[in-house]
Amino acid sequence: MKILKFLSLLIFSGALFGSCSSKDKVEDEQIRIIPLPNYYQSQPGVFEMDKNTVIGVDLSDTNMVSLANYLNEKFMRTTGFGLSIKSASEGIVFTLVEENDLGEEGYRMSVTPDGTQIYANTYHGIFNGIQSFLQLLPLDSTGDIAKINCIDISDKPRFAWRGLMLDVSRHFFTKQEVKRFIDLMAEYKYNVFHWHLSDDQGWRVEIKSLPRLTDVGAWRAPRVGNWWEREPQSVTDSLTYGGFYTQDDIREVVEYARERFITVVPEIDVPGHSMALLTAYPEISCTGGPFHVNVGNTFYTKEENSLCVGKEKTFAILDMIFDELVDLFPSSYIHIGGDECYKGFWAKCPDCRARMSSKQLQNVEELQSYFVKRVASHIQSKGKHVIGWDEILEGGLAKDAIVMSWRGMKGGVEAARQGHRVIMTPFEHCYLDLYQGDPAVEPNTYSMLRLRDCYKFSIVPDSIDASFVLGGQGNLWAESIPHYRQVEYMTWPRAMAISETLWNETDSRNWDFFIQRVESQFRYLDRLNVNYARSIYDPIISPSINDGELRIELTTEISGLDIFYTFDNTNPDCYSNLYTTALSVPKNATMLKVVTYRGKCPIGKQINLTIEELKERAKKKE
Ligand code: ACM
Ligand code: ZN
């Protein structure tokens, strides 16, 4: 989402609490695992651990020892004490087995009073079991003992591709921040990190044979304020905002991800979204420029940001870029973008027109298809699979290209119909850059995508052969994400919902049970100082016009909250009007203020809206 602006099982503890301390959350938790395992059964008894408890692995197996170290580090962070790693068959024991049912990533876990056994066919399966085990740990342990309830789990993912995408072009995030992102992804059993490394606003990967890409393309004038409304760069600006990853940085991140069983898939977004590339190498544009790295000002259709498809040098430069990338990234997938390419300059360019005539291309869509096919076949010749956004369908799909469907599911459906593999990432369920609560209290962005909308993601439409669906992913575009804390805010908890929809087999999901587990995860994320969003606690204000009168409905995304409101300009509390039924506006009122409570505790953000704004919103809906 960039230029286009359209753009159970357990009892839910909904008790009302008497005070507002942080302990006033769900106390009665049995299981907080996200994504929910496909099979689990509580068993009698508890498994008690203290500093003498052992992680039992075969010490000659370095992969197992790494897994044990990983478990120990995270265990210590949650419980406050560490365990010893020994060659033993007691304590917490990892065992490789051969069980067809578990597949590549599945695991079986048995927690008994005598110990915990994790079985899997692969190290990745053991790693997934470790994540579930860690999520069984109590968050309130005393520091020298931790107890977990006994349980049997048998689990494996529904989809092989469970991804998150991070755009590091619109705003730059450091190598350490990217690692932090990947580390938390792994805890929720994601296995693909899609790294959006280039766009109009910055080129972020060192390409040794083309140094101008990062010398020039990685830097722009600093700006704040609403994206698309910023003042364009001027010659007097110092280009102090930006950054890039050296090839050593990339290798370090790839290795860090590999240790967490996450594949890093790089994206170089071409032929559109290429203003940073054109700033460095204007000779591969249609017009010759001049260009500058975009700062978040509008430009689409007015300024050129697409590579010229008529010039041979365009392909020579792209070959140099992708040749270095295929060596740098061990992933068997390379993403070449292909989205939102403005083709107006192609239609006027003599070189592009000559290409169209020599290749007998009927229109600019076929010219884009020529471009994608040519770039894809070069990358495929290096033994890699090519992925593109669903626009690569237009003008004809490249052989064997994988389609990432973002403008809804229809691109994915069509690609699968043509026998291509697809990754589903429809904006209406998967775009983490969108609003997750009322725009009055959220940072400026495009349309709405509440946690509940993510949780409704059902990724295989009836009309499709499921075997073509590799999986799905959440996408975080970074136009309005100026720093890493905001990355966390936009990602969590919505990425928990997406993870569960990609992992768990059932489409009949239990929302209240999910929220119970999300709230337990909040307690965990609090310990890590992760800036997750608490927007699920905010009131939802829905105005409409009824017989010419403004009518206002108030709801909440989760159950168990009370809504209080005022029309008299005072700040509401739990002694204000309790919402029970749709509101009409009292004469001369200018403002509605709304707040939510759980018991006696205010819990969501207070939302203040003028009556004028409410009328505007109601009219827009009509
Ligand atoms: C996209 O959101 N333009 C893929
Ligand atoms: Zn051209």
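Only heavy atoms go into these numbers, but all of them, side chains included; no hydrogens, no water, no symmetry mates. In each ligand, atom 1 is the first atom listed, and ligand 1 is the first ligand listed.
Looking at ligand 1, you'll find an N or O of Y431 within less than 3.5 Å of one of its N or O atoms. Taking any N or O of W389, backbone or side chain, none lies under 3.5 Å from an N or O belonging to ligand 1. Checked against a 3.5 angstrom limit, the closest N/O atoms of E340 and ligand 1 fall inside it.
Taking 4.0 Å as the cut-off between side-chain N and carboxylate O, K373 and E366 do not count as a salt-bridged pair. The existence of a salt bridge linking R494 and D433 is excluded, since no basic side-chain nitrogen approaches an acidic carboxylate oxygen closer than 4.0 Å. Remark: R617 engages E613 in a salt bridge, criterion side-chain N to carboxylate O under 4.0 Å. Using a cut-off of 4.0 Å between Lys/Arg side-chain N and Asp/Glu carboxylate O, E500 and R509 are scored as not salt-bridged.
For Y532 and Y489, the distance between ring centers is not under 6.0 angstrom.
Angle SG(C349) to the Zn ion (ligand 2) to SG(C352), rounded to 10°: 110°.
The closest approach between any non-hydrogen atom of F427 and ligand 1 is not below 4.0 Å.
Close contacts of ligand 1 with W477, meaning ligand atoms under 4.0 Å from a residue heavy atom, involve 1 (C), 2 (O), 4 (C).
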